[in-house]
Amino acid sequence: MPAASPPAPEPYTGAPRSAPPPRGWRPPTVERPTAPRKLPAQDGERIDREEQAATILTKGMGIFAGAVLVVLLLIFCGRVLF
């Protein structure tokens, strides 16, 4: 009995056709944004003054908190010793 030969492959006919888009369909569009507005100029001297005021406030609060802790420590140590 002769060996059975494999069937010949079918020729490639290309991709299947796609359905057409609905009537009036358009691809999505991207709107171009308007140009950004110009920012106001920075006032360097004012920024420096406000930064200095914030530094003074922060250091003042730290000194006050430290003083409160020292007073509490003295009260606590005084009660323990006496």
Side-chain angles (χ1 to χ4, degrees):
M1 176 172 209
S5 63
E10 294 183 25
Y12 181 69
T13 58
R17 290 186 167 265
S18 62
R23 186 174 206 90
W25 177 86
R26 291 180 181 257
T29 58
V30 178
E31 292 184 27
R32 295 183 185 244
T34 59
R37 59 187 172 90
K38 186 168 180 154
L39 295 175
Q42 292 185 351
D43 185 1
E45 292 179 16
R46 179 178 175 194
I47 292 172
D48 290 339
R49 283 192 312 269
E50 290 179 2
E51 186 175 314
Q52 185 178 15
T55 302
I56 291 171
L57 177 67
T58 302
K59 288 181 181 178
M61 289 177 64
I63 291 170
F64 177 75
V68 168
L69 287 175
V70 168
V71 169
L72 290 175
L73 184 64
L74 290 173
I75 292 172
F76 178 71
C77 289
R79 286 187 157 232
V80 170
L81 294 175
F82 300 111

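Values reported hereafter were calculated over all heavy atoms of this structure, with side chains retained and with hydrogens, waters and symmetry mates removed.
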Output side-chain donor-acceptor pairs under 3.5 Å for residues 19-42, partner residues at least two apart or in another chain, one line each.
none

Only pairs under 3.5 Å count here: list side-chain donor-acceptor contacts from residues 45-74, not counting sequence neighbours, and write none if there are none.
from: R46; atom 1: NE; to: E50; atom 2: OE2; distance (Å): 2.9
from: R46; atom 1: NH2; to: E50; atom 2: OE2; distance (Å): 3.4
from: T55; atom 1: OG1; to: E51; atom 2: O; distance (Å): 2.9
from: T58; atom 1: OG1; to: A54; atom 2: O; distance (Å): 2.8

Inset, instruction - Hydrophobic side-chain clustering at under 4.5 Å (ILVMFWY, transitive links): who's grouped with F76? Put none if nobody. - result: V80

